[in-house]
Amino acid sequence: MDSNRPSYDPAFVEPKWHARWAERRTNEPDLDAAPRPYYNLMMFPYPSAEGLHVGNLFAFTGADAYGRFKRMQGLNVFEPIGFDAFGIHSENFALKLGLHPAELIPRNIANFTRQLTSMGGMFAWEHALSTTDPRYYKWTQWIFLQLFKRGLAYRKKGAVNWCPTDKTVLANEQVIAGACERCGSMVETRVLEQWYFRITDYAGRLLDNLDDPTRMDWSATTVQAQKNWIGRSDGAEVVFRVVGHDNTQIPVYTTRPDTLFGATFLVIAPEHPLAAVLTTVATRASVERYVADAAAKDLVTRRVGDREKSGVFTGSFAINPATGKPIPVWIADYVLMEYGTGAIMAVPGHDERDFAFATRFELPILRVVANEGEHAASPLEHAVVDVGHGRMVNSASFDDMPAADAKVAVTAWLERDGHGKGSVQYRLYDWCISRQRYWGPPIPIIYCDDCGAVPVPEEQLPVILPPVEDFRPDDSGVSPLARHADWYHVPCPKCGKPARRETDVSDTFLDSAWYFLRYPSTEFDDRAFDPERTRRWLPVDNYIGGNEHAVLHLLYARFVTMVLHDAGLLSFEEPFRRFRAHGLIIKEGTKMSKSKGNVVNPDEYVARWGADTLRTYLMFLGPYQDGGDFRDAGISGPRRFLDRIWELVTDALHPDCRDAEILQDVLVKWHQTKKKVAAEMDLLHYNTAIAALMELVNALREQNCVEYGVVRELVQMVAPFAPHFAEECWERLGQQGSIFDSAWPEFDEALTVTDEITVVIQVNGKVRGNVNVSRRTDEATIRELALEEAGVQRHLAGKTITKFVYVPGRLVNFVVAS
RNA sequence: GCUCGGGUGGCGGAAUGGCAUACGCAGGGGACUUAAAAUCCCUGGGGACGAAAGUCCCGUGCGGGUUCGAGUCCCGCCCCGAGCACCA
């Protein structure tokens, strides 16, 4: 490099453009008048004390590159950012440091803001938000009230998951294999009065919309995760009459009504309300002992699958409506009260769990479906669950019917004879939103002895979280706010008598279930979201985030949006038109974790290589939707790539490079690159887009081409990845304004193909040569040319050609017999 | 156990059923330099034969199959990762 050429120095370029962007408000679209609004959203971060890690940066860079690309395609892109700053994480960390979260969080947010600025995100900072801001959580509380108004928020006493370390209730979603999702402690069960949202009322719609392409275009893996979570199953409710109790019936839920004739006993959950009714004098003592034991166990232990079956006989019998025969009713904790009707018909011949139970307690096992070639009376060593092609046996008039048909036929018979009906069940549970903690929005409810649970009037919102020093949680099962009588004693809004505030705060997932509605309307304090702004910007056009939120955040956000839609407050019921899950970054082949000490701090890399190099590297190291392996050794490649473009820009400034002649090869490569990059950007295939740009750079260097127009468009195409760098190159090229207000390069389809093509010649599918011909050459000519190739002749010698395959523009294949 | 991903050089990874290993990293050789870094050029799956040019064989986790042709499609396995897990 000539000594008088200025070299690329990110330490100079990057701060320069941060200042320019801020000063010129480059990243602030006109929210009231943008003609082609495009809402580009990424999952907002939790501002941890450690700062942004490289995984966050990977996620944000990919989302940002997409937003910048869309903007260069002429859309008015709104790319907001904010902070999900309430919650147990922040509170626990504050406790550890002996700080108040209200002190800690602003500090963390300042650090995140610095880092997010340095990475060069196209963020509309004027609309940044924090969920901890009373101007924000006022509306989080308002959302709670909207649900309350519609009867979708209710209070229930029930067994809940209790984390002994975090000292709070956890949603089932937050319990992973019996342990707290956040701290890993084994979860216990407690009985507490909690607030729930009736998300189960929406299970069907939440499921059905997933398959509606007019509403949702989501990553397939995320859709699948939501489907599994909602867990629809189709079956039937069957009613069993109890012998000797004329008014007592036991409804059970089954997905296999076809096996009704094989139901040899019933099992009800220990908490089932009929447990006491069905118990006889002889069995009372043993039943009471069993039920008490079950109650002492926590919910999680009861859900561990392969425990040995336990249970107790009630002493009662029920009539199987199909056979008319009495079958015993048992109590066992493998039946869950929360699912279905809390009672099952046990079919040990065709269900592994029922089989294990029947074996343990010597209950009869009967086969009612036989697979092809299998005798119904074959030894009963295990349950036959898969009966896809089986036929009915031991089932009276249904005998010999294919099992799949019997499911429908038995359900129809049940309905006709009044023994039951077809029924759909969902695995989804209602959403418990109460948290016995401090660092969250207080639930806006006041308890009055006369009026009950009274919502705080909307004009009194927000219910400010008081700045108490003593916010440490304890084992009492009530929130720290309950220790602050001066705060919670208030008059009842209805009758004015002394009343008490709810002292629990709401789940962090409620904060994040509506933040995307707030971004376009952050300056309004008299409404959660402005109708006109919302109409212009929502639903979100593109949402990018981690699949770890596939079933929590994304489902809750959909639910809240659907409720607001039903309340007439939103015109759409699905908030995210397109969602793409990004992958995860690992370090040198292993997971990053604090304990391994291999968490990559992006600051060091930004300082050493520049944010643009780091961004380009992150987008290059693997497919965005899969993630990749961050290796220190690899980053020099992308830096070299940018250095070479810088040099091409320097050379292109020479007056001779304007409208210089472009070699045919370069011209074609240029247009092919433009075509490929645009297509790959849209699919988020950033690694291959960058590879294509690298190929163009290599071609330009090999052919010694620095034609101004080609270099200018190269700079435009690298801009989504290296925005500061591209702006600087743009300016050096003498271009006016921000490169992000320039139009994405167009390509000419006719110039993406060459006239001369290479046709591969195969003999029996093996490559034996090739010929260069004009694209217009006909098949016969190509065949003649192919036969002249030395390598082809060698392999054809003494053989007979039995077939000739011609794939236009690609290859020919001679099939020979020896 | 169930569901969804995935298995390709030394490494990260490319490949609408059509030249496997694009692009990048690391490596080897060379140029420049007092030297090093940086930069630039060449090379780059394994094996056999050959002085070389080259020729041939084998190669995308394993075993079958479909096809003129399979990393790609089908069947049966193995392994890794993620999620769910007594959901009747």
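Note: hydrogens, waters and symmetry copies are ignored here, and every other heavy atom, side chains too, is used. So that the names make sense, note that chain A is the first sequence line, chain B the second, and so on, each numbered from 1.
B/rU8 sits 15 Å from B/rA15 when the P atoms are compared, rounded to a whole Å. With both ends at atom C1', the span from B/rG61 to B/rA48 equals 26 Å, rounded to whole Å. Comparing the C1' positions of B/rU21 and B/rG45 gives an interatomic distance of 8 Å, to the nearest angstrom. For B/rG9 and B/rU60, the C1' atoms lie 10 Å apart once the distance is rounded to whole Å. Nucleotides B/rA20 and B/rG69 are separated by 15 Å at their P atoms, to the nearest Å. With P as the reference atom, B/rA14 and B/rG6 are 11 Å apart, rounded to whole Å. Distance noted for atom C1' between B/rU33 and B/rC19: 42 Å (whole Å). When the P atom is used for both B/rG54 and B/rU43, the distance is 12 Å, rounded to whole Å.
Between the P atom of B/rA37 and the CZ atom of A/Arg640 lies a distance of 13 Å, rounded to the nearest Å. Between the CD atom of A/Glu237 and the C1' atom of B/rA88 there is a distance of 13 Å, given to the nearest Å. For A/Gln224 and B/rG6, the CD to P distance is 14 Å, given to the nearest whole Å. Distance, A/Arg794 CZ to B/rC57 C1': 14 Å, rounded to whole Å. Summarising the geometry, the separation between CH2 on A/Trp229 and P on B/rC84 is reported as 6 Å, rounded to the nearest angstrom. A straight line from CD of A/Glu548 to C1' of B/rG83 spans 12 Å, rounded to a whole angstrom. In this entry the distance linking CG of A/Asp643 with P of B/rG24 reads 14 Å, nearest Å. Here the P atom of nucleotide B/rG24 and the CZ atom of A/Arg615 are 21 Å apart, to the nearest Å.
Among B/rC56, B/rC68, B/rA88, the nucleotide with an atom closest to any side-chain atom of A/Ile344 is B/rA88. Minimum atom distance to the side chain of A/Thr254 is reached by B/rA88, of the listed B/rA88, B/rC25, B/rA22. Taking every side-chain heavy atom of A/Arg427 into account, B/rC84 is the closest of B/rU39, B/rU3, B/rC84. With B/rA22, B/rC86, B/rA85 as the candidates, the nucleotide lying closest to the side chain of A/Glu695 is B/rA22. When each of B/rC19, B/rA88, B/rC23 is scored by its nearest atom to the side-chain atoms of A/Met694, the top-ranked nucleotide is B/rC23.
Within the nucleic acid shown, A/Arg701 comes within 4.0 Å of sugar-phosphate atoms alone, with no base atom in reach, counting heavy atoms only. At the heavy-atom level, A/Arg644 lies under 4.0 Å from the strands shown only through sugar-phosphate atoms. Counting non-hydrogen atoms under 4.0 angstrom, A/Val760 reaches a base of the nucleic acid. Using a 4.0 Å heavy-atom cutoff across all strands shown, A/Ala225 reaches no nucleic acid atom at all. Here A/Ser233 lies in heavy-atom contact (under 4.0 Å) with sugar-phosphate atoms only. Looking at heavy-atom distances under 4.0 Å, A/Asn547 makes no contact with the nucleic acid at all. Heavy atoms of A/Lys766 sit under 4.0 angstrom from primed sugar atoms or phosphate atoms, though from no base atom.
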Heteroatom pairs (N/O) under 3.5 angstrom, protein to nucleotides 7-9 of chain B:
none

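The side-chain hydrogen bond (donor to acceptor under 3.5 Å, both in side chains) test applied to A/Ser219 returns no partner, not counting sequence neighbours. Remark: A/Trp609 engages no residue in a ring-ring contact (aromatic ring centres under 6.0 Å, His included) (not counting sequence neighbours). Listed by chain and number, the residues in a ring-ring contact (aromatic ring centres under 6.0 Å, His included) with A/Tyr617 are A/Phe630 (sequence neighbours excluded). The ring-ring contact (aromatic ring centres under 6.0 Å, His included) check on A/His671 picks up nothing, with sequence neighbours excluded. Checked against side-chain hydrogen bond (donor to acceptor under 3.5 Å, both in side chains), A/His549 has no partners two or more places apart in sequence or in another chain. The side-chain hydrogen bond (donor to acceptor under 3.5 Å, both in side chains) check on A/Gln793 picks up nothing, with sequence neighbours excluded. With sequence neighbours excluded, the residues satisfying ring-ring contact (aromatic ring centres under 6.0 Å, His included) with A/Tyr8 are A/Trp646, A/Phe725. Here A/Asp632 pairs with A/Tyr605 under the side-chain hydrogen bond (donor to acceptor under 3.5 Å, both in side chains) rule; sequence neighbours left out.
For the pair A/Met43 and A/Gly546, the tightest heavy-atom approach, listed with the atom from each and the gap, is SD-N, 3.6 Å.
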Original post:
Would you write out the dot-bracket form of RNA chain B, 5' to 3', with Watson-Crick and G-U pairs under 3.5 Å, [ ] for crossing pairs, | for pairs to other strands and . for unpaired bases?
Top reply: (((((((..(((.....[....))).(((((.......))))).(((((....)))))..(((((..]....))))))))))))....

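In B/rG47 the base sits anti relative to the sugar, since the glycosidic angle is further than 90° from 0.
Heavy-atom distances to RNA chain B give each of A/Gly637 and A/Glu702 a nearest nucleotide, and the one nearer the 5′ end belongs to A/Gly637. Sequence order on RNA chain B of the closest nucleotides to A/Gly791 and A/Tyr426 puts A/Gly791 first from the 5' end.
Here the CE atom belonging to A/Met337 is positioned 4.5 Å from the NE2 atom belonging to A/His272, to the nearest 0.5 angstrom.
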**OP:** Assign a letter to each nucleotide of nucleotides 12-18 of chain B from its 5' end: B, base within under 4.0 Å of a protein heavy atom; S, sugar-phosphate only; -, no contact.
**Re:** BSSSB-B

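In this structure, A/Trp330 and A/Phe361 have tilted ring planes: the angle between them lies in the 30° to 60° band. Ring-plane geometry between A/Tyr686 and A/Phe721 is classed as perpendicular, the angle between the planes exceeding 60 degrees on a 0 to 90 degree scale with a lower cut at 30.
Here A/Tyr339 reaches the OP1 or OP2 of B/rA88: one of its side-chain N or O atoms lies under 4.0 Å away.
Tested against A/Leu787 for a side-chain contact (heavy atoms from CB on, under 4.5 Å), the candidates A/Ile761, A/Ile801, A/Val812 yield a single pass: A/Ile801.
At a cut-off of 3.5 Å, with distance as the only test, no side-chain donor of A/Asp643 or A/Ser7 sits close to an acceptor on the other residue.
Counting only residues at least two apart or on different chains, the ring pair (Phe, Tyr, Trp, His ring centres under 6.0 Å) pairs with a member in residues 785-806 of chain A are A/Phe804-A/Phe814.
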